[in-house]
Amino acid sequence: MVDKIKKWLELFAAQLHEKKTYLSELDSAIGDGDHGNNMARGADFLLKSLDQSGDTSAVFKNAAMALLSKVGGASGPLYGSALLALSKKAGETDDRSEWIAAGAEAIAHRGKSEAGDKTMLDVWLPVQKALADGTLTHEKIDAFVAETKSLKAKKGRASYLGDRSVGHIDPGAQSSGYLFHAFLEAGADHA
Amino acid sequence: MVDKIKKWLELFAAQLHEKKTYLSELDSAIGDGDHGNNMARGADFLLKSLDQSGDTSAVFKNAAMALLSKVGGASGPLYGSALLALSKKAGETDDRSEWIAAGAEAIAHRGKSEAGDKTMLDVWLPVQKALADGTLTHEKIDAFVAETKSLKAKKGRASYLGDRSVGHIDPGAQSSGYLFHAFLEAGADHA
Amino acid sequence: MKKIMNKPEQAVDEMVQGIVSAGCGQLKNIPETGVIYRSELPKDKVALVSGGGSGHEPTHAGFVGDGILAAAVCGSVFTSPTPDQIYEAIKQVDQGKGVFLVIKNYSGDVMNFEMAKDLAEADGIRVESVVVDDDIAVEDSTYTEGKRGVAGTVFVHKILGAEAARGTTIDEMKAVADRIVPNIKTLGVALKAATVPEVGKPGFELGDTEIEFGVGIHGEPGYRRESLKTSRELAEEIVSKLKNAFQWSEGEHYAVLVNGLGATPLMEQYIFWQDAEKLLKKDGLLIDFIKVGSLTTSLDMEGLSLTLCKLEDARWLENLKWETHTLAW
Amino acid sequence: MKKIMNKPEQAVDEMVQGIVSAGCGQLKNIPETGVIYRSELPKDKVALVSGGGSGHEPTHAGFVGDGILAAAVCGSVFTSPTPDQIYEAIKQVDQGKGVFLVIKNYSGDVMNFEMAKDLAEADGIRVESVVVDDDIAVEDSTYTEGKRGVAGTVFVHKILGAEAARGTTIDEMKAVADRIVPNIKTLGVALKAATVPEVGKPGFELGDTEIEFGVGIHGEPGYRRESLKTSRELAEEIVSKLKNAFQWSEGEHYAVLVNGLGATPLMEQYIFWQDAEKLLKKDGLLIDFIKVGSLTTSLDMEGLSLTLCKLEDARWLENLKWETHTLAW
Ligand SMILES: Nc1ncnc2c1ncn2[C@@H]1O[C@H](COP(=O)(O)OP(=O)(O)O)[C@@H](O)[C@H]1O
Ligand SMILES: Nc1ncnc2c1ncn2[C@@H]1O[C@H](COP(=O)(O)OP(=O)(O)O)[C@@H](O)[C@H]1O
Ligand SMILES: [Mg+2]
Ligand SMILES: [Mg+2]
Ligand SMILES: [Mg+2]
Ligand SMILES: [Mg+2]
């Protein structure tokens, strides 16, 4: 099982590199234009962290520490906290929807955010639900990401824009979209 | 006689206003781009100085003080010194070529400059000669100004450019050109 | 993008080296952490630490020195430093009397500094903090992130830094901090957006005659775009917004910071101050302290911000005037 | 042209008001002269006066204060002040021990300051002066105007200002000045030219990837145009030119000024310094004093200059470190 998890994170890291410019562009529109660079910087260390041996819990923990100590900004502690929660949950159960639920809860807790705030949480929460229902697909992930467009930001830098944040995809939602595409692609959505 | 002199300086001041942008453009190419603004600032005070009564000597002296105290840069002390010399000479003789010779000498003295340095002096000196010969015309004045184009600057800011100063009209030569056009136009070239 | 740089990824590290060198022995850095600290720290005093994304120079490292900061933590450009960077700074400067953190109100900064605080507290180090939110461009409301922390943070550094130098305890410092922050308000205007080196183009585009009110210091767009105004009109807009926020009365005492955003020359800052001062004087305010300069910048952004700090306590003014030796105060 | 201004013609007067106000009582001005002077002058000491065109802020007015200048004379933008402006300053600050003038080597400045000196001497005031010509971009030759005075002038202010504060006589100051000036050399590079407010467009145009070496601080073009280089390459070009001018040897002591030209952020200045320092250290130079910042600017020009001052006399270093309180040192 641990191989699938490593594969998942590898695919995520590769995607972060590939989409670096796009993610920063999304962030330029409603934030400070660094989300792609932040995540790409983290991706390098995420990959390195995968070299360390250990079980699924350990893989998530190492990945969490890598992001926590290299990404910075808002996304560093948020992804870091989410992966720490996954690490903990993976020691308790194999139920993927419980993993993702724990991750989403960690993000909400760390970011003091909730559904509809136009953040990465607006991908994590519906993904979790679809996963629980057994209906998660690539199309759905894209739809969740796209739906952040119509929201008005209430957390993160985009919230300073008020109504002007409407009409743009949230960059953190987009990077989380890549996370879950990689999740499906790696077959990490089932044990 | 004093009326012609006032007319001369009035026409000069008007021309400085009209050609302000052009003079600054010439100065941008080989200097610091302010010659037009410097001279236009001085022109306002030059005009005001003409309100004061007095003989030709006094008119030149007031004009000199106006330029000296309002133009600044290199051209302020140079035009100021030249007009002070004219003021002195006008008390001694009516010979216009002697006036201009005194002015040119004052510029050379103040600026430590000589013929061929690509400065206003390269208009004052040949104008003086033509005047002495009785051959000064508008066309000649323009030719003297144009001839500064081929010179390499040895004084003033343009000298920092070395060979790159070649091919541009010297801004101070151009403003002196306007001075002498006004001189002819006002009929100030004869008593 | 036209910048004096080598590789954009190396910009912050190279800058840190340059700053430490310019400290001529007064400054040191912890390798690979972006932490710059005072070589000699006074014993038995609280250590004041600040930090955030880079690109705001001289904020924060320019204020490391006697009477202001014990350390500054330099994150990537416009990106909060990570918890471990901040944690290293805390461990380095603690002199047994605790470490006080000045945090600007951004989710990223707040989250990373809080995590660092947790790490340090687990080591038994006493840590307190204050979150600065002086930017009145953003309406405070329970539905948003709240106001941003911008140039007014410099006053928080200076006032708390002097408290630390006086030997004030960490609890007393927390009380002072909580009183100062609501008394500091800032509003900015941009003429040109900043270009982040790793991005290579401006965060937003302003036309040749457009300006934007209420911009942040990270290239975040502002609240309104308008056509270019005179200095006097800019002062009127900004002062009237500050007046509304403070609800000030004649005879009140204030400190002022006119802050250039990076590429705006001092000449323009002084002209603006001359216009703003007239308006403040007309309202009968007493301006006891004035600072004009590019102190909290946004890389090469053109524009400026005006910060007012209501001097509720005469000691704050003493603190602002407290003698210091840093690169930038 | 996008500037925070009212009318361009009023820019210098309004700036002077802003500077005097920011002095919080330490500065005064003589109306309609552009002269800014210290409200309280030490008795029985030589008064140091500098000045020149405006647009180089904080040079010169930012250095008026104890231990540096007694007065600064602000001319129009990039234009030397007139003899009567300078004369007013001299009369204002003379304390009976004479007035020392620091002049930058431009025909305009030299002529106007000399005429002012004549006027003051006619009043019986003792006046001495030094002409600073630190810019090695311009070859010194009997056929040209000689080298320009640029950012290195700041070191002349600081060193002579400390001498004045020490109570040094005007004759001794002249001797010091004549020894310092040949030991100060500067070279600059521009990424973007300055826009003079009354002109409204840049003095010269540089393409998106062009830079120009050897520019002056008045928008005068430089000696060579090239394509954009890394900070390291810029440092190599500039340091090698300075090396050639100084013909330095291992173990010699220097002071350094990395000077931003107006719109270049501190981050880039520190990165450049980090690169330049490596080269200086490789040659075994001892750098005893370092200043990084936009001290002698050219309005909104992008770029920087590097100044080295060979510290032939240990007292010069003491003078550079001499305690002062001014807006900008
Ligand atoms: N309080 C929060 N709760 C949840 N997600 C948040 C919060 N603040 C920011 N985010 C997410 O972080 C993303 C921005 O990350 P990034 O650009 O890397 O950090 P920063 O905003 O510090 O520059 C946003 O698009 C959003 O999805
Ligand atoms: N040493 C000098 N001798 C004679 N004329 C000079 C000298 N220096 C400068 N000039 C003249 O002054 C003109 C420049 O004047 P201006 O632009 O007003 O002053 P600045 O050079 O101080 O900006 C030059 O074009 C030249 O004709
Ligand atoms: Mg961001
Ligand atoms: Mg000129
Ligand atoms: Mg960021
Ligand atoms: Mg000039």
Side-chain angles (χ1 to χ4, degrees), chain C residues 2-7 10-12 14-19 21-24 54-55 57-58 62 77 189 191-192 197 206 208-209 211 228 230-232 234 258 262-275 277 287-294 297 299-300 302-304 327-328, chain D residues 2-7 10-12 14-19 21-24 54-55 57-58 62 77 189 191-192 197 206 208-209 211 228 230-232 234 258 262-275 277 287-294 297 299-300 302-304 327-328:
Chain C
K2 226 171 169 182
K3 288 185 193 283
I4 298 173
M5 287 211 169
N6 297 303
K7 296 211 182 89
Q10 301 170 342
V12 174
E14 292 179 347
M15 174 187 78
V16 166
Q17 288 172 44
I19 293 174
S21 159
C24 285
S54 291
E57 295 68 32
V77 173
V189 61
L191 279 66
K192 197 196 81 196
L206 287 173
D208 276 354
T209 60
I211 58 170
L228 186 59
T230 63
S231 167
R232 197 163 304 128
L234 294 179
V258 174
T264 283
L266 268 180
M267 174 181 275
E268 300 177 39
Q269 299 177 40
Y270 281 119
I271 291 173
F272 174 84
W273 167 237
Q274 166 266 151
D275 283 312
E277 189 192 26
I287 311 297
D288 299 329
F289 184 89
I290 303 163
K291 196 109 191 149
V292 178
S294 300
T297 61
L299 293 170
D300 55 351
E302 282 174 17
L304 50 74
L327 294 181
Chain D
K2 226 170 168 181
K3 289 184 191 287
I4 299 174
M5 289 215 167
N6 298 302
K7 296 211 182 89
Q10 301 171 343
V12 173
E14 291 179 348
M15 174 188 79
V16 167
Q17 288 172 44
I19 292 174
S21 158
C24 286
S54 290
E57 294 69 31
V77 174
V189 61
L191 278 66
K192 197 195 80 194
L206 287 174
D208 276 353
T209 60
I211 58 170
L228 186 59
T230 62
S231 167
R232 198 164 304 129
L234 293 179
V258 174
T264 284
L266 268 180
M267 175 182 276
E268 300 176 38
Q269 298 177 40
Y270 282 120
I271 291 173
F272 174 84
W273 166 237
Q274 167 266 153
D275 283 312
E277 189 192 24
I287 312 296
D288 300 328
F289 184 90
I290 302 162
K291 196 110 190 149
V292 178
S294 300
T297 60
L299 293 169
D300 55 351
E302 283 174 17
L304 51 74
L327 294 180

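Atoms considered below: every heavy atom in the structure, side chains included; atoms not considered: hydrogens, waters and symmetry mates. Protein chains get the first letters and strands the later ones, always in sequence-line order, with residue 1 at the start of each.
- When the candidates C:Lys7, C:Met15, C:Gln17, C:Glu57 are compared by the number of heavy-atom contacts under 4.5 Å with chain D, C:Met15 comes out ahead.
- When each of C:Lys291, C:Gln269, C:Lys192, C:Glu277 is scored by its heavy-atom pairs under 4.5 Å with chain D, the top score falls to C:Glu277.
- Across C:Ile211, C:Val292, C:Thr230, the residue that shares the most heavy-atom pairs under 4.5 angstrom with chain D is C:Thr230.
- D:Lys3 is linked by a salt bridge (charged side-chain N to carboxylate O under 4.0 Å, His left out) to D:Asp300, counting only residues two or more places apart in sequence or in another chain.
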Derivation of the side chain to side chain contact (heavy atoms under 4.5 Å, CB included) call for C:Leu234 and C:Leu304: CA-CA 10 Å; C:Leu234 294 179; C:Leu304 50 74; 6.0 Å; no
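- Heavy-atom distances place the side chain of D:Gln10, and not its backbone, under 4.5 Å from chain C.
- For the pair D:Gly55 and C:Met267, the tightest heavy-atom approach, listed with the atom from each and the gap, is N-CE, 3.7 Å.
- In this structure, no portion of D:Ile287 lies under 4.5 Å from any heavy atom of chain C.
- For D:Leu299, the parts sitting under 4.5 Å from any heavy atom of chain C are the backbone and the side chain alike.
- Contacts of C:Ser231 classified as side-chain contact (heavy atoms from CB on, under 4.5 Å), with partners at least two apart in sequence or in another chain: C:Ile271, C:Phe272, C:Asp275, D:Ile4, D:Asn6.
- The heavy-atom pair separating C:Cys24 from D:Asp288 by the smallest distance is SG-O, 4.3 Å.
- With a 4.5 angstrom heavy-atom cutoff, D:Ser21 touches chain C via backbone and side-chain atoms both.
- With hydrogens and angles disregarded, no donor-acceptor distance shorter than 3.5 Å links the side chain of C:Thr264 to the backbone of C:Glu302.
- For a residue to count as touching a neighbouring chain, one of its non-hydrogen atoms must lie under 4.5 Å from one of that chain's; by this rule D:Ile19 touches chain C with backbone and side chain alike.
- Counting all heavy atoms, side chain and backbone alike, C:Ser294 lies closest to C:Gly262 at OG-N, 4.4 Å.
- Between chain D and the options C:Asp208, C:Leu228, C:Leu191, C:Leu206, heavy-atom pairs under 4.5 Å are most frequent for C:Leu191.
- Contacts of D:Val258 with chain C are absent, with no heavy-atom separation under 4.5 Å from either backbone or side chain.
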